[in-house]
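Worksheet: one structure, shown below.
For the numbers below, each heavy atom of this structure counts, side chains included, while hydrogens, waters and symmetry mates do not. First the proteins, then the strands, lettered A, B, ... as listed; each starts at 1.
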Amino acid sequence: MCLAIPVRIVELLGDDLALFDVGGIRKEISLALVDDVKVGDYVVAHTGYAIGKLDRDEAEKTLQLLASMAAGEPAALAG
Amino acid sequence: MCLAIPVRIVELLGDDLALFDVGGIRKEISLALVDDVKVGDYVVAHTGYAIGKLDRDEAEKTLQLLASMAAGEPAALAG
Amino acid sequence: MSTVRKAYVRPLDLKNGRVDMTHGSGGRAMAQLIDELFATSFDNEWLRQGNDGALLPTAPGRLVMATDAHVVSPLFFPGGDIGCLAVHGTINDVAMLGATPLYLAASFILEEGFPLADLARIVASMASAARDAGVPVVTGDTKVVERGHGDGVFITTTGVGSVADGVRVSGDRARPGDAILVSGTLGDHGVAIMSLRENLGFATVVESDTAALHGLVAALLAVEPDLHVLRDPTRGGLATTLNEIARQSGVGMLIEEARLPLREAVSAACELLGLDPLYVANEGKLICICAAASADAVLAAMRAHPLGRDAARIGTVIDDAQHFVQMETAFGGRRIVDWLNGEQLPRIC
Amino acid sequence: MSTVRKAYVRPLDLKNGRVDMTHGSGGRAMAQLIDELFATSFDNEWLRQGNDGALLPTAPGRLVMATDAHVVSPLFFPGGDIGCLAVHGTINDVAMLGATPLYLAASFILEEGFPLADLARIVASMASAARDAGVPVVTGDTKVVERGHGDGVFITTTGVGSVADGVRVSGDRARPGDAILVSGTLGDHGVAIMSLRENLGFATVVESDTAALHGLVAALLAVEPDLHVLRDPTRGGLATTLNEIARQSGVGMLIEEARLPLREAVSAACELLGLDPLYVANEGKLICICAAASADAVLAAMRAHPLGRDAARIGTVIDDAQHFVQMETAFGGRRIVDWLNGEQLPRIC
Amino acid sequence: MKYIDEFRDGPTARALGAAIARAAQSERSYRIMEFCGGHTHAISRYGIADLLPANLRLIHGPGCPVCVLPIGRVDSAIELALQHGVILCAYGDCLRVPASAQMSLQKAKARGADVRMVHSAADALKTALDNPQRQVVFFAIGFETTTPPTAVVIEQASRLALQNFTVFCNHVLTPPAIAHLLAASAPGAALPAVELDAFIGPAHVSTVIGSQAYEPFVARYRKPVVIAGFEPLDVMQAILMLVQQLNAGRAEVENQYTRAVTRSGNLKAQRIVAEVFELRSRFEWRGLGELPASALRIRERYAAFDAEQRFGLLYRPVADNRACECGAILRGLKQPRDCKVFGTACTPENPLGSCMVSSEGACAAHYSYGRYRDFAAQESA
Amino acid sequence: MKYIDEFRDGPTARALGAAIARAAQSERSYRIMEFCGGHTHAISRYGIADLLPANLRLIHGPGCPVCVLPIGRVDSAIELALQHGVILCAYGDCLRVPASAQMSLQKAKARGADVRMVHSAADALKTALDNPQRQVVFFAIGFETTTPPTAVVIEQASRLALQNFTVFCNHVLTPPAIAHLLAASAPGAALPAVELDAFIGPAHVSTVIGSQAYEPFVARYRKPVVIAGFEPLDVMQAILMLVQQLNAGRAEVENQYTRAVTRSGNLKAQRIVAEVFELRSRFEWRGLGELPASALRIRERYAAFDAEQRFGLLYRPVADNRACECGAILRGLKQPRDCKVFGTACTPENPLGSCMVSSEGACAAHYSYGRYRDFAAQESA
Ligand code: SF4
Ligand code: SF4
Ligand SMILES: [Mg+2]
Ligand SMILES: [Mg+2]
Ligand SMILES: [Mg+2]
Ligand SMILES: [Mg+2]
Ligand SMILES: [Mg+2]
Ligand SMILES: [Mg+2]
Ligand SMILES: [Mg+2]
Ligand SMILES: [Mg+2]
Ligand SMILES: [Mg+2]
Ligand SMILES: [Mg+2]
């Protein structure tokens with residue numbers, strides 16, 4: 001299932017390492033597989049590595065779409 | 001104190017090793033430091049090695065001497 | 001002629017000393033360890049008897065006896081240590097039969113080389129937990145095993161308690177229709193422990209919930225003497241404990257995910273490690289099953305107690321020949337909450 | 001549609017299986033180990049309750065509680081194993097307060113990798129010892145520690161017993177003039193264990209004396225309800241146990257070497273290893289201190305019991321501000337028999 | 001938790017379920033395979049099936065790296081630990097995977113094997129640095145998501161010129177497996193199979209490889225794929241999107257998981273994977289058999305870090321249990337309860353087939369989360 | 001036990017005690033040193049002093065290999081185990097001998113040192129064979145009795161060309177120590193000392209070296225020596241023999257222990273010792289200071305088996321505690337109870353001086369077996 005969750009980078013530690021936070025849990029993560037990560041960015045964390053960045057705008061868009069689908073808005077449901 | 005006790009050899013195991021018995025305890029011993037030990041002989045056992053043979057005749061003599069000393073026999077007590 | 005002086009024994013070096021084999025030999029070194037550390041810390045009239053067991057007053061009511069070995073690693077963790085845990089764990093097993101815990105026995109298996117300073121810290125924590133709980137450690141035992149044949153310290157505690165007339169708490173008394181309550185948030189202890197494990201380590205504010213629950217139990221029995229089942233969801237967590245009770249009582253259960261009290265940090269740690277918080281250990285929580293009619297009163301009594309502030313009614317006992325524990329997910333679906341299979345290991349997929 | 005089949009669990013492989021971490025996880029594997037091995041072997045109504053503790057009848061008289069961790073190595077030895085030893089040891093500590101042992105709790109700390117066949121053998125031995133003694137194991141606990149953090153199996157047993165009115169046995173009741181009796185030969189257990197130790201090993205007919213002594217105690221109390229002190233000279237042997245009692249009672253003791261019951265093989269093993277049999281452990285012997293006036297009757301009762309055939313009156317309690325245990329040597333001299341200092345290690349000089 | 005909890009909202013789910021029911025045409029059926037174990041897990045754990053119309057069936061795919069690990073590869077890992085005496089670092093997921101003769105890494109550990117659970121490839125490398133006198137092998141498993149970290153540590157080990165670190169590589173590829181299932185379920189295929197109508201595409205695999213990777217076989221087999229996140233609302237949204245594609249007769253690669261998946265994926269990760277690994281010509285998948293070009297091996301230039309080479313491991317395939325119906329289940333022909341040994345001889349404690357190995361396998365998920373339904377169905381029958 | 005029990009008979013002892021009392025001339029005193037800890041042990045354990053007349057005083061000698069082991073040598077053994085990481089094989093007697101900074105081998109073991117108790121030099125050799133990947137050091141201590149087994153294993157190791165076995169040699173010699181004590185107690189010696197009248201000579205040391213070894217200094221110092229067995233009747237007989245020699249004004253080497261000691265000793269053992277070992281020019285004895293030609297070292301041709309050479313051990317002497325009166329006690333000037341710290345700061349658990357280290361030391365023997373007499377004396381005073 002490739003367990004991976006979005007986590008927020010709270011500190012860059014240098015050497016391709018960073019500290020992240022998720023729900024009050026903080027842990028080290030490697031940034032060796034991603035570029036240009038800044039504090040405050042969300043990344044997808046898998047086995048201690050960021051395997052990609054999380055696009056917050058896209059996340060919001062998806063949530064809006066879900067909300068409108070749930071509301072049964074025809075636009076959202078139009079295939 | 002060089003803990004050593006007289007033990008009876010009950011079996012020769014070859015390779016300079018033998019089995020001894022003392023009061024119902026049986027254990028291996030090295031004969032590397034003594035010559036011509038036979039089954040039935042008593043040896044002085046120290047740290048798993050026979051460091052000498054026990055002379056049974058001498059032991060009996062000592063015991064007799066002790067007995068006569070204890071009996072206060074003048075011959076025994078004559079310095 | 002010189003005067004004869006009283007024998008003088010150099011006191012235990014509780015700062016830099018270490019346990020060695022002589023501390024378990026039965027001789028003077030062991031007597032010293034017991035005198036200067038155990039007897040001093042746990043001090044009470046029964047321990048002071050100085051025998052190999054304790055002679056205690058006649059106990060009223062039916063007896064309860066429970067025992068648990070404590071082998072937690074690490075020995076010190078956020079919110080507690082093996083010492084207070086060993087006291088709470090056994091008090092709780094006694095209390096879960098509706099009993100008033102009266103006495104504890106404690107047996108220590110020390111590993112050669114264990115720092116005496118750590119041992120002293122653990123014993124102090126045990127002693128203070130026992131004092132706070134009002135349950136004295138009345139007898140004990142100490143053994144030392146060679147380095148590499150133990151793990152610092154193992155502590156087995158055994159508790160004896162007494163059950164008042166009219167109380168009949170037992171795991172086989174859950175009946176269809178009964179309410180299932182839990183006294184607070186789930187998984188805190190397990191997550192606190194995991195946060196310190198090598199190769200997993202993370203920083204967290206989550207502390208172990210280790211606590212003695214007999215006061216809470218007394219408060220619940222005060223409002224409803226006929227509680228059906230009490231059990232502390234320790235190893236295997238809520239899920240396994242409910243399955244145990246379901247099997248014992250020959251019933252099914254239906255719980256509601258949305259009602260389960262969970263701290264965000266516990267959820268987050270579980271997401272991160274691929275664990276299910278329903279299987280994570282608790283050390284200061286209880287499950288209470290009682291007649292639906294008294295559920296509200298019992299829940300109110302729980303919430304009024306400091307150890308039950310986050311209590312919740314999480315489900316209902318149902319009739320089920322398979323003794324399944326089912327869960328209505330927060331999402332609206334339904335699933336089984338099965339026994340723990342194997343041990344819960346962190347996953348990556 | 002296919003029929004639904006009852007869940008099937010492959011039975012424990014008691015021949016080739018080994019303990020692994022899942023057996024301590026709290027989950028299904030642990031439940032299986034408890035069901036198929038522990039519950040089956042120890043079977044009794046209290047264990048069958050299936051709770052985390054046992055609910056027992058009201059106990060008459062004053063309570064006694066005693067606990068001991070058992071960490072013996074090797075686990076199997078001539079005359080017994082850790083299983084029966086764990087039962088006898090705690091029964092004896094209960095009995096040494098003049099109590100009738102009623103119930104045992106047993107907690108197991110298993111090392112990952114420990115053969116289930118060995119565990120089954122140990123549990124069978126425990127169960128049969130408990131059955132023979134008439135003292136059921138009513139509750140228990142199982143933990144598993146990682147390989148290299150334990151030593152096969154450690155067993156902590158805790159016993160509860162009940163003391164009849166009029167019985168006041170305690171280590172602080174030795175009075176000058178009292179007789180000191182011992183129930184049989186000394187050092188058998190320790191020598192049996194040492195005979196299997198690596199680098200010491202020897203062949204011997206000596207077997208451990210491990211035995212439950214409550215029957216013997218009952219026989220003694222029947223002839224003299226006011227026994228002053230009973231104690232089993234386990235770790236540290238006769239010497240250390242007498243010193244403990246002397247300190248506790250604030251008295252001295254004088255024993256006679258010529259009266260000490262000793263097997264020749266035990267003496268021989270001690271000669272060989274530079275040990276003093278007075279410091280070697282016993283697991284089926286007791287020291288009894290009683291008023292001189294009843295000594296003959298008590299000794300006769302001991303000798304009439306199968307576990308007291310070799311009993312002897314070995315000395316007298318004396319007045320001594322220093323609480324020394326002194327011994328009249330067989331040789332005619334006198335010396336102190338001191339506390340065990342450190343641990344007794346085999347010597348070469 | 002931000003970006004997690006929002007995607008688990010119950011009311012939204014129920015509304016979405018209603019929308020799916022409305023969208024689904026009652027006269028036809030929808031047979032959708034979720035390839036990933038992650039989706040299987042979400043479906044089972046959140047009870048998503050209960051929210052779906054009866055004519056929409058989810059078929060669990062083989063996308064669980066632990067499930068598809070062949071017994072013979074686990075045997076080799078045990079051989080490394082027990083015979084070669086290495087420190088074997090493995091993810092927690094692997095410890096209980098059954099090997100031959102009722103063994104597993106966990107049981108090998110009980111017999112003295114030095115098996116250490118790691119949660120990251122970096123921990124395995126650290127173990128090697130901390131134990132210079134021991135050989136340390138990292139038992140690498142996983143799909144494209146998990147491969148890049150392995151590549152990173154192999155490169156680091158190479159830069160450090162470590163002499164005591166190797167990787168036992170078992171990384172497999174998603175697209176060839178999906179293609180295989182499509183081929184098998186296509187009309188006229190060698191094996192009987194239910195025809196699949198659509199796929200829910202992998203979440204984090206796609207984060208790495210990008211949505212582009214699925215375009216070729218969507219074009220070839222004309223089956224829609226919607227890449228979806230692993231949260232339950234992601235799955236439901238993807239189902240709705242697939243229903244809509246099928247209703248409209250479209251067959252496209254769509255991306256529901258836009259917050260973490262782009263068309264081209266993580267190029268940096270792809271580059272380092274390509275640097276360190278190359279295609280194997282064939283690899284055995286438990287439950288599926290040998291699939292061509294479906295797995296990776298370590299390139300010659302990193303041969304010093306290849307455990308298979310250093311320890312001369314020989315692969316010995318072990319046949320699956322004859323009673324096991326995993327193949328038919330994966331192809332949509334059968335359900336777990338149709339297997340004669342489901343829940344009796346085959347349980348999560350003692351799995352006989354690959355689908356029972358991890359909680360993401362079809363049989364294990366049904367056992368752990370859904371088997372009450374079999375009894376309910378039986379009683380009402 | 002044959003040849004043991006007979007020599008412990010109480011009635012004989014009492015009769016012998018009476019005979020000694022009769023033989024001892026009331027107008028003179030008899031100051032007899034038993035050199036060996038074995039004799040000290042027998043005297044204390046059986047309470048022999050209680051059977052002797054008041055004008056016959058036994059002075060405990062330094063013949064206890066553990067007592068005379070200097071702190072610095074134990075420090076080196078600990079260094080081997082803790083810093084060099086060897087498996088250190090030691091006799092049980094050595095484990096609790098105090099080293100610097102409150103350490104001991106037992107405490108070093110608690111701190112992770114791999115210290116293994118052996119009961120024979122052969123076990124140490126076996127440990128080396130069983131652990132080919134580890135360096136194994138045998139911590140060899142003892143007098144002439146214990147030296148031959150060490151020589152045997154060094155020869156065996158040499159024959160087997162073992163690469164991982166060495167011996168940390170601390171073997172010491174009895175005659176130079178006796179000579180030193182005689183010199184110290186002779187009139188006009190540098191240090192004050194009670195003049196000793198006679199010696200009880202070692203039992204098993206003499207089995208190896210023979211009674212001959214004592215003849216030179218008996219001739220030089222004109223003090224009788226009777227070699228005695230370690231059983232209590234042996235000791236009493238020897239005392240009687242010494243009283244008789246002294247009464248007669250004789251000074252000879254006599255042999256009470258004829259059942260195990262001959263004039264020339266065990267020649268085979270002597271040969272192998274000479275083959276492997278040579279004299280050290282000087283060696284520190286705890287409590288006695290540096291004595292010339294009083295210890296052995298491994299010959300150059302067996303240098304590969306010498307731990308001091310392989311591990312480059314440097315000897316750092318450690319001063320004895322200033323309060324300690326061991327020197328005066330060994331020279332017969334004082335009794336244990338005259339030491340200010342006896343039984344308070346200095347106990348067998350925490351020995352400050354060498355005489356308290358093993359139960360054979362004068363202070364330890366008095367503490368463990370005889371100190372009740374101090375209290376009895378005080379009360380009656
Ligand atoms: S139940 Fe087991 S054997 Fe049957 S199909 Fe599933 S995995 Fe295969
Ligand atoms: S009591 Fe201790 S310090 Fe005093 S002389 Fe004896 S050994 Fe030395
Ligand atoms: Mg319990
Ligand atoms: Mg418990
Ligand atoms: Mg419990
Ligand atoms: Mg005890
Ligand atoms: Mg350890
Ligand atoms: Mg006890
Ligand atoms: Mg006991
Ligand atoms: Mg006892
Ligand atoms: Mg328990
Ligand atoms: Mg072990």
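Rounding to the nearest 0.5 Å places OG1 of C:Thr234 at 6.5 Å from CG of D:Asp52. Separating the CG atom in D:Asp151 from the CG atom in C:Asp151 is a distance of 12.5 Å, to the nearest 0.5 Å.
Among the candidates C:Ser107, C:Ala69, C:Gly26, the residue making the largest number of heavy-atom pairs closer than 4.5 Å to chain D is C:Ala69. Considering only heavy-atom pairs separated by less than 4.5 Å from chain D, the leading option among C:Asp35, C:Asn341, C:Val169, C:Asp172 is C:Asp35. Counting heavy-atom pairs under 4.5 Å between each of D:Thr22, D:Asn51, D:Leu340 and chain C puts D:Asn51 at the top. Each of D:Met96, D:Arg247, D:Gln344 has some count of heavy-atom pairs under 4.5 Å with chain C, and the biggest count is that of D:Arg247. Between chain D and the options C:Ser73, C:Ala59, C:Gly98, C:Ala54, the largest number of non-hydrogen pairs under 4.5 Å is found for C:Ala54. Ranked by heavy-atom pairs under 4.5 Å with chain C, the list D:Ala31, D:Gly236, D:Ala29, D:Pro57 is led by D:Pro57. For the set C:Val160, C:Val163, C:Val138, the count of heavy-atom pairs under 4.5 angstrom toward chain D peaks at C:Val160. No other option in D:Phe154, D:Phe108, D:Tyr279 has as many heavy-atom pairs under 4.5 Å with chain C as D:Phe154. With chain D as the partner, the residue from C:Asn92, C:Thr156, C:Leu345 showing the most heavy-atom pairs under 4.5 Å is C:Thr156. Taking C:Met30, C:His23, C:Lys143 one by one and counting their heavy-atom pairs under 4.5 Å with chain D, the maximum is reached by C:Lys143.
Interface remark: D:Leu97 contributes side-chain atoms only to the contact with chain C (heavy atom separation under 4.5 Å). Heavy atoms closer than 4.5 Å to chain C are found nowhere in D:Ala239, neither backbone nor side chain. Using a 4.5 Å cut-off between heavy atoms, D:Met65 touches chain C through backbone and side chain atoms alike. Heavy atoms of D:Val94 lying under 4.5 Å from chain C are absent altogether. With a 4.5 angstrom heavy-atom cutoff, D:Leu104 touches chain C only via backbone atoms. Heavy atoms of D:Gln49 lying under 4.5 Å from chain C belong exclusively to its backbone. Using a 4.5 Å cut-off between heavy atoms, D:Thr142 touches chain C through its backbone atoms (N, CA, C, O) alone. For chain D, the nearby part of C:Ala106 is the backbone; its heavy atoms alone come within less than 4.5 Å.
More than 12 heavy atoms of other residues, nucleotides or ligands shown are found within 6.0 angstrom of CZ on D:Arg173. In the displayed structure, C:Arg197 atom CZ is contacted under 6.0 Å by more than 12 heavy atoms of other residues, nucleotides or ligands.
Nearest heavy atoms, C:Gly50 versus D:Arg231: O-NH2, 3.7 Å. Scanning all heavy atoms of the two residues, the minimum distance from C:Ala66 to D:Gly53 falls at CB-CA, 3.8 Å. In this structure, D:Trp339 and C:Gly27 approach most closely via the heavy-atom pair CE3-C, 4.4 Å.
Under the side chain to side chain contact (heavy atoms under 4.5 Å, CB included) rule, D:Leu63 has a single partner from C:Leu102, C:Thr58, C:Leu56, which is C:Leu56. Residue C:Arg28 is tested with D:Asp338, D:Asn243, D:Thr240 for a side chain to side chain donor-acceptor pair (under 3.5 Å); the sole match is D:Asp338.
D:Thr67 and C:Thr158 are not linked by any side-chain donor-acceptor pair at a separation below 3.5 angstrom, with hydrogens and angles left out of the test.
A salt bridge links D:Asp141 with C:Arg235: the distance from a Lys NZ or Arg NE/NH1/NH2 to an Asp or Glu carboxylate oxygen falls below 4.0 Å.
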Would D:Leu55 and C:Ser170 count as a side chain to side chain contact (heavy atoms under 4.5 Å, CB included) if you check the C-alpha gap in whole Å, the side-chain angles of each, and the deciding distance to 0.1 Å? CA-CA 9 Å; D:Leu55 179 65; C:Ser170 178; over 6 Å; no

D:Val71 and C:Val145: CA distance, side-chain angles, deciding distance, side chain to side chain contact (heavy atoms under 4.5 Å, CB included) verdict: CA-CA 7 Å; D:Val71 299; C:Val145 294; 3.8 Å; yes

